[in-house]
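Everything below concerns the one structure shown next.
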Amino acid sequence: MKLTAIRHTRVAVPAGVCYGQTDVSLAESYKEELEQVKSVVANYSFDAVFCSPLKRCQLLAQDLFVPENIQLDQRLMELNFGAWEMQDWETISRTAEAQKWFDDFVEVRCADGESFRDQINRTALFLDELNKQQHQQVAVVTHGGILRALNCLLEGVAPREAFQTKIDYGQVIDFTFDSSKLFQVSSLKLFE
């Protein structure tokens, strides 16, 4: 199965603000960015479209695909930053709790939120369910964190290294999804 992951376009949030699962709006540059994404996916033919329920993804998906064909999935949401949502990263970084998370964001949950491992596991559950369906070409409209989790699960990228590759707003990444070649992330057995 071919899986094409599409990150939402720029958001209307000031630089340096943590917004994770907060349902923020898209930036004023949306129409131009939409046209760029459309030009990339214009020659694709998808038999299924999955989308994060956050409006920044839903709007993009609805402008790219037939709205009735879009399946919303909570597991495709961005990392839940909990108490840090809509806070300035500079302020967050001065707390002892944040330092623990920065030291091991893969395993340590942020304040009232998730760890990257939690997000990887959500993504793995989505892939496990997707594997049971009979699709050839799937589009997934989602967030940067999910694209990084897909890199871990489908490309074998180590979780700590997943953030070394820049993922742009509106970026489109193609994956081949072969469940027999799913990478086991760390020592967790994600699939039985």
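Since the model is a prediction, treat every value here as computed from it, not as a measurement.
- Ring centroid separation for the pair Y19 and W84 does not come in under the 6.0 Å cut-off.
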> What's the verdict on side-chain contact (heavy atoms from CB on, under 4.5 Å) for W101 and T95, showing C-alpha distance, side-chain angles and the deciding distance?
Replying inline: CA-CA 10 Å; W101 184 78; T95 67; over 6 Å; no
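- Two residues are said to be in side-chain contact when any heavy atoms from C-beta on lie closer than 4.5 Å; Q136 and K2 fail this criterion.
- I173 and F126 fall within the same hydrophobic cluster, where Ile, Leu, Val, Met, Phe, Trp and Tyr residues are linked whenever their side-chain heavy atoms come under 4.5 Å apart, directly or through other members.
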>> For a side-chain contact (heavy atoms from CB on, under 4.5 Å) check, start with the C-alpha distance between L76 and C51, then their side-chain angles and the critical distance, and finish with the verdict.
In response: CA-CA 7 Å; L76 296 174; C51 181; 5.7 Å; no
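- Side-chain contact check for P159 versus I120: some heavy-atom pair is nearer than 4.5 Å.
- Under a hydrophobic clustering in which Ile, Leu, Val, Met, Phe, Trp and Tyr are joined whenever their side-chain heavy atoms come within less than 4.5 Å, directly or via other members, Y30 and I70 fall into the same cluster.
- Counting heavy atoms of neighbouring residues, nucleotides and ligands inside a 6.0 Å radius, atom CD of E90 does not exceed 12 of them.
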> Yes or no on side-chain contact (heavy atoms from CB on, under 4.5 Å) for D112 and F81, after CA distance, side-chain angles and deciding distance?
Replying inline: CA-CA 7 Å; D112 301 322; F81 285 101; over 6 Å; no
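- Using a 4.0 Å cut-off between charged side-chain N and carboxylate O, R10 and E28 make no salt bridge.
- Two residues are said to be in side-chain contact when any heavy atoms from C-beta on lie closer than 4.5 Å; V17 and W89 fail this criterion.
- Not counting sequence neighbours, N69 has no partner by the side-chain hydrogen bond (donor to acceptor under 3.5 Å, both in side chains) test.
- Judged purely by atom type and a 3.5 angstrom limit, R7 uses its side chain to pair as donor or acceptor with the backbone of I167.
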>> I'd like to know whether R109 forms a salt bridge (Lys or Arg N to Asp or Glu O under 4.0 Å) with D118, so could you lay out the CA-CA distance, the side-chain angles of the two residues, the decisive distance to 0.1 Å, and finally the verdict.
In response: CA-CA 8 Å; R109 291 185 172 113; D118 294 329; 2.6 Å; yes
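- Between S45 and Q137, the side chains place no donor N or O within less than 3.5 Å of an acceptor N or O (distance only, hydrogens not considered).
- Transitive grouping of hydrophobic side chains (ILVMFWY, heavy atoms separated by less than 4.5 Å) brings F105 and V108 into a common cluster.
- With respect to I6, the side-chain contact (heavy atoms from CB on, under 4.5 Å) criterion is satisfied by exactly one of V41, T142, V140: V41.
- The distance between the ring centers of F177 and F175 does not fall below 6.0 angstrom.
- A heavy-atom distance below 4.5 Å is found between the side chains of V24 and M86.
- For N80 (side chain) and G113 (main-chain N/O), no donor-acceptor pair under 3.5 Å exists by modelled atom type.
- Residues V138 and V49 have side chains not in contact (no heavy-atom distance under 4.5 Å, counting atoms from C-beta outward).
- Between the side chains of S115 and E107, not a single donor N or O lies within less than 3.5 Å of an accepting N or O.
- When each of Q119, H143, H8 is tested with E78 by the rule side-chain hydrogen bond (donor to acceptor under 3.5 Å, both in side chains), just one qualifies, namely Q119.
- The side-chain heavy atoms of Q58 and S52, taken from C-beta on, include no pair separated by under 4.5 Å.
- In this structure the side chain of N131 never reaches within 4.5 angstrom of the side chain of L127, judged on heavy atoms.
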> Given the rule in the side chain to side chain donor-acceptor pair (under 3.5 Å) test, do E33 and S29 qualify, once you have shown the distances and angles that lead to the verdict?
Replying inline: CA-CA 6 Å; E33 293 176 61; S29 57; 2.2 Å; yes
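- For the pair R148 and F116, the cation-pi criterion (under 6.0 Å, within 45° of the ring axis) is not fulfilled.
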> Would L60 and L64 satisfy side-chain contact (heavy atoms from CB on, under 4.5 Å), going step by step from the backbone distance to the final call?
Replying inline: CA-CA 6 Å; L60 178 59; L64 292 173; 3.8 Å; yes
